Amino acid sequence: MNYVYGRSIRLFGTHGIRGIVNSTMTPDLAIRLGRALGTSLGKERRVLIGHDPRTSSELLECAFVSGLLDCGCNVTRLGMIPLPILAFALRKIPSDAGVMITASHNPPQYNGIKIYDADGSAFTNDKDSEIEDLYFSQKFAIAEYTGKGKLEEKRDIQTDYINGILEFVDSKNIQKCNFKVVVDAGGGAASRVTPLLLSKLGCTVIEHNCDPDGLFKERPLEPRPENLSRLMELVKQHHADLGVAHDGDADRTAYSDENGCFIQGDRILAVMCRYLLRDRPGSTIVTSINSSSVIDDAARLVDAKVARTRVGEPAVIQKMKETNAPVGGEENVGLIFRDWSWSREGPFSLALILEIMSRERKTISQLQGMFPVYMMRKFDVSLDPGTNYEEVKRMVMKRIETNLPKNRTNVLTIDGFKIIFDYGWLLIRPSGTEFKFRIFAEAQTEEKVEELANLGASLVEQSRIETP
Ligand code: MG
């Protein structure tokens, strides 16, 4: 159980609020949270709201909207949209905040709520905490009956978004290439947008899982290689140039190369960073502590710096603002490009990859092949959920500190322990929301990465045993 300000419940994790429908995610929670946001913003402010295709999303949206209207906020409903469209809309439409009802890659029984600033960036932890305080205190500024908020609908934002991307990227060059692309939208929020965007970019589109489906029956939404075998088969079968898959809210895109091989997210991020910063020497790339050293390789090629942060989009964006960095992103291919929007981007980054392929006349496997190959392991070590998690976590972390291996060259403590060796690195970080430690290991050989992964698991287990 988490403790924040003496309370026994913490609502917001690293990605807004997530919960199981009818259990920890209910319309009661949504209306109360709507009132909390409405109270924080003040009367006659405008809030944009969108949702993914989950079966509970419209219900939760209606409840959240009721809370906002109750406090005198005006609301514009954008309908079923990918998350990046909300960020785009916040830049285009005068407004004071944005809300997205989605649980991203989680299974269909989950849903979630994320709140965004007027500039389209995710609320910082401080702002989330302010909403959380209001939620628990219930000191809501309910408007008089004469001052209730007004509701309007804007259903053509997808068209504006697609046109915005077509103007931003080198559409003409892309169109000349007649790329063939297989899309697996997972039945999620970008099921319509991404195929349409690709066809406007002159691509032949092979659709797979492109009917919005609130139950996501075809595959788990997390765009991991084990969930995308059909996509990779289709790329080979159709001799396509690229295969792409989104998570549920499409702030991420995973890629298969023209041979049907999955490409690690960091490598795609490296391809994009090298391209976007080619004429901006001295710029900063912001990335989280768990992303691959391939980002450092990309930075070296264009004389850029790398700034590392805690895991999570809000931390990356905050650091991008502090360092005036043009690009940022995490290991799961969520590119954030400041000139376009403050959101992790799925469809936009896809258009950008096509621009790079068309201008550099290279296949995606050639582009990602410019960088050294790294072996990576990611896994979790679970703790007994019956324990007082926060206390156990703190004590295990303290213990790990005393057990750190002697042959390390450095230790970073931005988020957990990142232990750096001559031949690779190991990251051990406690999950913010679950009863587990997350382990990441990276090295240039299978043997070394296995050694680091085993070291990570044994450090957590040993430190757990030694914890009273
Ligand atoms: Mg997502």
Side-chain angles (χ1 to χ4, degrees), residues 12-19 25 49-54 56-57 60-61 78 80-90 98-116 120-123 128 161 183-194 209-210 212-214 216 218-225 227-228 231 244-255 265-266 268-269 272 287-288 290-291 311-317 328-337 340-350 378 431-434 438:
F12 288 88
T14 40
H15 297 284
I17 299 173
R18 298 232 177 115
M25 181 53 64
I49 192 164
H51 63 86
D52 74 7
R54 285 165 198 274
S56 60
S57 289
L60 293 167
E61 185 184 284
L78 303 174
M80 199 267 283
I81 51 166
L83 203 159
I85 292 193
L86 176 70
F88 170 84
L90 283 162
V99 176
M100 186 75 189
I101 310 292
T102 180
S104 187
H105 60 272
N106 289 101
Q109 64 272 30
Y110 282 78
N111 215 329
I113 298 170
K114 280 184 87 168
I115 306 176
Y116 290 80
S121 57
F123 256 27
D128 279 344
Y161 174 75
V183 181
D184 176 351
S191 293
R192 298 272 185 264
V193 172
T194 295
N209 293 331
C210 287
D213 164 23
F216 315 119
E218 296 301 321
R219 69 157 165 94
L221 283 172
E222 179 84 4
R224 286 187 183 159
N227 299 332
L228 303 177
L231 171 79
V244 295
H246 293 303
D247 66 335
D249 53 0
D251 57 350
R252 292 195 274 148
T253 307
Y255 296 81
D266 320 73
I268 289 287
L269 194 58
M272 293 191 283
T287 189
S288 47
N290 56 347
S291 60
V311 172
E313 182 186 354
V316 172
I317 290 172
E330 295 191 272
E331 45 87 34
N332 51 16
V333 209
L335 171 80
I336 303 160
F337 184 40
W340 170 251
S341 89
W342 281 119
S343 170
R344 295 197 302 192
E345 258 286 357
F348 173 81
S349 63
L350 166 58
K378 302 174 194 177
S431 162
T433 49
E434 293 172 89
R438 300 196 189 285

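Indexing begins at 1, ligand by ligand and atom by atom, following the structure's order. Keep in mind that this is a model prediction, so the values were computed, not measured.
The Mg ion (ligand 1) lies closest to atom OD1 when only the N/O/S atoms of Asp251 are considered.
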**Prompt:** Passes ring-ring contact (aromatic ring centres under 6.0 Å, His included), Tyr116 versus Trp342? Steps please.
**Reply:** CA-CA 10 Å; Tyr116 290 80; Trp342 281 119; over 10 Å; no

**Asked** Going through the checks in order, is the salt bridge (charged side-chain N to carboxylate O under 4.0 Å, His left out) test met by Glu330 and Arg252?
**Response** CA-CA 10 Å; Glu330 295 191 272; Arg252 292 195 274 148; over 6 Å; no

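With the Mg ion (ligand 1) as the vertex, OD2 of Asp247 and OD1 of Asp249 span 90° to the nearest 10°.
Residue Thr102: no N/O/S atom is found under 2.8 Å from the Mg ion (ligand 1).
Ser56 and Asn111 share a donor-acceptor pair across their side chains, judged by distance under 3.5 Å alone. Between the side chains of Thr194 and His246, at least one donor N or O sits under 3.5 Å from an acceptor N or O.
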